[in-house]
Structure formats: structure tokens, C-alpha cells
Amino acid sequence: QVQLVESGGGLVQAGGSLRLSCAASGSIFTIKAMGWYRQASGKQRELVAVITNGGSTNYADSVKGRFTISRDNAKNTVYLQMNSLKPEDTAVYYCNGARYGTLNDYWGRGTQVTVSS
């Protein structure tokens, strides 16, 4: 079992920055990739960024060039650096862990990001 706990969300003005953290604990060796998803009010959850165990990354087109996903293996923590934030980035951001051998991912409870104009 793995637990994922997000932190770092908050209220920021357009053009500002936030850094989200996702701390993982438990059976970390069962995770093959980690990512960030977000869900805006009234919208479906969407993929924001992914980082694999090999270190490769992928981003949604809407955040490419503005957001950066990274990890600190020693701390079992994944980060999402969000720069040049826009009001449309407002959402609950969820940490995700893809597991070996199953499509049932690990999920955090989410952290709210609100970008004002």
C-alpha cells in the first residue's frame, strides 16, 4: 500500500508561481510512474504532467513551458513547479502513482490551487 499526500496549494495572482509537493510513503517500489492531475469545478479530471522511474517527463499542452515536474528520490517526493499561472489553472491538483501490474492507481486527496485575475 502507498499513501500520497499533496501540499503547497493556495491562492495566487495570475502570473505568479506555486510549487506543489507530493510525499509518498509505504511500498514505493510498486510505483512505475508518478504524475499530477487536476480537476476544475464542473470539469473532468485531466492529466497535467508525468514523470517515469527512468526520469522522462510528459506535459499537457496547456501547461508545457510553464510547469515542471521533478522528483527527489531520497525524500520519496514529487514536485510540480507552476510558473506563469493563469486563472484557467484553477483546480484541485491530485498526485497520482501508476502501479506495476495493475491499472488501479494510487491517488492523493488533492490540494486546491486558485489563480485570481
Side-chain angles (χ1 to χ4, degrees):
Q1 183 62 243
V2 167
Q3 295 78 47
L4 304 176
V5 180
E6 305 96 334
S7 62
L11 175 64
V12 65
Q13 289 187 308
S17 298
L18 284 174
R19 187 195 192 197
L20 305 183
S21 299
C22 174
S25 61
S27 303
I28 309 302
F29 55 87
T30 65
I31 299 176
K32 65 180 179 181
M34 295 193 68
W36 289 92
Y37 287 70
R38 67 186 181 187
Q39 186 167 22
S41 181
K43 301 293 191 295
Q44 292 197 11
R45 190 171 299 187
E46 64 175 348
L47 176 68
V48 176
V50 172
I51 185 166
T52 69
N53 285 343
S56 63
T57 59
N58 285 288
Y59 299 90
D61 287 342
S62 60
V63 307
K64 197 171 298 181
R66 300 187 298 120
F67 291 10
T68 302
I69 188 170
S70 62
R71 68 187 181 197
D72 185 335
N73 290 333
K75 296 182 178 180
N76 291 325
T77 300
V78 175
Y79 304 95
L80 185 68
Q81 179 66 47
M82 305 184 294
N83 299 325
S84 302
L85 282 162
K86 305 174 181 179
E88 51 262 46
D89 295 319
T90 295
V92 177
Y93 284 70
Y94 297 91
C95 185
N96 166 271
R99 301 166 62 183
Y100 291 106
T102 177
L103 296 179
N104 300 131
D105 293 354
Y106 299 114
W107 290 95
R109 286 192 171 187
T111 184
Q112 176 70 47
V113 172
T114 302
V115 184
S116 64
S117 58

TODO: Measure the spacing between SG of Cys22 and CZ of Arg71 and express it to the nearest 0.5 Å.
DONE: 13.0 Å
- [ ] Check for a donor-acceptor pair, side chain of Thr90 on one end and backbone N or O of Val115 on the other, with a separation under 3.5 Å.
- [x] yes
TODO: Rounded to the nearest 0.5 Å, what's the gap from OH on Tyr59 to CG on Leu80? Could you check?
DONE: 8.0 Å
TODO: To the nearest 0.5 Å, tell me how far Phe67 CZ sits from Leu20 CG.
DONE: 8.0 Å
- [ ] For the pair Glu6 (side chain) and Cys95 (backbone), establish whether a donor and an acceptor sit closer than 3.5 Å, ignoring hydrogens and angles.
- [x] yes
TODO: Can you sort out the partners of Lys43 under salt bridge (Lys or Arg N to Asp or Glu O under 4.0 Å), two or more places apart, ordered by chain and number?
DONE: none
TODO: Examine distances only and state if a side-chain atom of Thr102 and a backbone atom of Arg99 form a donor-acceptor pair shorter than 3.5 Å.
DONE: no
Task: Qualifying side-chain hydrogen bond (donor to acceptor under 3.5 Å, both in side chains) pairs with a residue from residues 10-25, counting only residues at least two apart or across chains - done: Gln3-Ser25, Ser17-Asn83
TODO: List for me each residue that meets salt bridge (Lys or Arg N to Asp or Glu O under 4.0 Å) alongside Glu46, sequence neighbours excluded, and say none if there are none.
DONE: Arg38
Open item on the list: Using a 4.5 Å cut-off between side-chain heavy atoms of Ile, Leu, Val, Met, Phe, Trp and Tyr, which other residues end up in the same hydrophobic cluster as Leu11?
Closed with: none
Task: Spacing of OG1 belonging to Thr52 relative to CE belonging to Met34, to within rounding of 0.5 Å - done: 12.5 Å
Open item on the list: When you compare the side chain of Ile69 with that of Val50, does any pair of heavy atoms fall below 4.5 Å?
Closed with: no
Open item on the list: Test your reading of the model: is there a side-chain donor-acceptor pair from Arg45 to the backbone of Val92, 3.5 Å cut-off?
Closed with: no
TODO: Can you sort out the partners of Tyr79 under ring-ring contact (aromatic ring centres under 6.0 Å, His included), two or more places apart, ordered by chain and number?
DONE: none
Task: Pairs satisfying ring-ring contact (aromatic ring centres under 6.0 Å, His included), at least one member in residues 87-117, at least two apart - done: Tyr37-Trp107
Open item on the list: Salt bridge check, Asp89 against Lys86: does any charged N sit closer than 4.0 Å to a carboxylate O?
Closed with: no
Task: Straight-line distance of Leu18 CG to Gln81 CD, nearest 0.5 Å - done: 8.5 Å
Task: Minimum-distance pair of heavy atoms, taken over all atoms of Leu4 and Asn96 - done: CD1-C, 4.0 Å
Task: Inter-residue atom distance Ser117.OG - Leu85.CG, 0.5 Å rounding - done: 13.0 Å
